[in-house]
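Notes follow once the structure below has been shown.
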Amino acid sequence: RHKKDFINILQEYVSLVFCNQEEIFRLLDTSYTQDALKIISQWTETVVLTLGEKGALISHYGEIYYIDPLPVQIVDTTGAGDAFAGGYLFGITNDFSHLDSGRIGATLAGAVIEQTGPRFTGDAKELVSKKLGIIL
């Protein structure tokens with residue numbers, strides 16, 4: 001219903017957008033990931049596009065990074081997107097690359113998926129260090 005307004009906001013005011021594949025397909029009336037990412041990347045400097053079990057794509061000024069999915073035992077997907085966003089934002093605000101920031105986000109999202117509830121109950125720094133070798 002507000003698709004045109006939302007597109008205008010993205011084009012005029014947004015520098016970073018998080019979305020999942022279903023959201024971007026609906027917004028842009030397409031079913032092609034590459035087309036959707038190309039279009040929205042022209043509107044904003046950074047796009048973080050989650051692909052569920054297929055990982056994620058990050059486009060920063062048109063440079064694309066693929067974030068591999070992590071093998072997880074799915075228990076509850078509630079909060080996975082927020083965990084991914086939180087990990088990614090932590091990474092980029094602490095001078096990690098977009099690729100490593102995406103990997104941090106994917107690791108935290110995977111940890112949330114393997115438990116019940118939307119918040120990771122373990123030690124995030126220890127998890128990232130153990131899985132990725134990245135010291136936070």
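Heads up: numbering here begins at 1 and tracks the sequence.
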*asked:* Using 0.5 Å steps for rounding, measure from the CZ atom of Phe120 to the CD atom of Glu114.
replied: 9.0 Å
*asked:* Testing the basics here: between Cys19 and Val47, what is the closest heavy-atom pair and its distance to 0.1 Å?
replied: SG-CG1, 4.4 Å
*Closest approach of Leu37 and Ser59, non-hydrogen atoms and distance?*
CD1-CB, 3.9 Å
*If you measure from NZ on Lys38 to OG1 on Thr30, what distance do you get to the nearest 0.5 Å?*
12.0 Å
*For the residue pair Glu53 and Pro69, what are the closest heavy atoms and their distance?*
O-CB, 3.2 Å
*asked:* Looking at every heavy atom in both Ser101 and Gly91, which two are closest together, and how far apart are they?
replied: OG-C, 3.0 Å
*What about Phe96 and Leu99, same hydrophobic cluster or not, with Ile/Leu/Val/Met/Phe/Trp/Tyr joined at side-chain heavy-atom distances under 4.5 Å?*
no
*Where do Val112 and Ala80 come nearest, in terms of heavy atoms and distance?*
CG1-N, 3.9 Å
*Taking Thr44 for its side chain and Ser41 for its backbone only, find out whether a donor-acceptor pair lies under 3.5 Å.*
no
*asked:* Tell me if the NZ atom of Lys125 is crowded by more than 12 foreign heavy atoms within 6.0 Å.
replied: no
Review item, side-chain donor-acceptor pairs of residues 128-136, under 3.5 Å, at least two apart:
none

*Rounded to the nearest 0.5 Å, what separation is found between the CG atom of Asp35 and the CD1 atom of Ile39?*
6.0 Å
*Can Val14 be reached from Leu89 by stepping across I, L, V, M, F, W or Y side chains whose heavy atoms are under 4.5 Å apart?*
no
*Run the side-chain contact (heavy atoms from CB on, under 4.5 Å) check on Lys3 and Asp29 step by step: do they pass?*
CA-CA 10 Å; Lys3 189 182 291 191; Asp29 295 318; 3.0 Å; yes
*Measure from the side-chain N and O atoms of Glu45 to the backbone N and O of Tyr61, and report whether any donor-acceptor pair falls under 3.5 Å.*
no
*With Tyr88 as reference, evaluate Thr46, Leu108, Thr93 under the side-chain contact (heavy atoms from CB on, under 4.5 Å) test and give the passing residue.*
Thr46
*Hey, are Arg103 and Asp100 close enough for a salt bridge, meaning a charged N less than 4.0 Å from a carboxylate O?*
yes
*Enter the distance from Ser31:OG to Ile24:CD1 here, rounded to the nearest 0.5 Å.*
13.0 Å
_So, using side chain to side chain donor-acceptor pair (under 3.5 Å) as the criterion, who are the partners of Gln115 when residues are at least two apart?_
Thr121
*In sequence, state the C-alpha distance, the side-chain angles, and the governing distance for Ile40 and Leu49, and then conclude on side-chain contact (heavy atoms from CB on, under 4.5 Å).*
CA-CA 10 Å; Ile40 200 165; Leu49 174 60; over 6 Å; no
*Measure the OG1-CG distance between Thr50 and Asn20 for me, rounded to the nearest 0.5 Å.*
5.0 Å
_With ring-ring contact (aromatic ring centres under 6.0 Å, His included) as the rule and sequence neighbours excluded, what pairs involving residues 65-85 come up?_
none
*Reported CD1-to-CD1 distance for the pair Ile58 and Ile67, which is rounded to 0.5 angstrom*: 4.0 Å
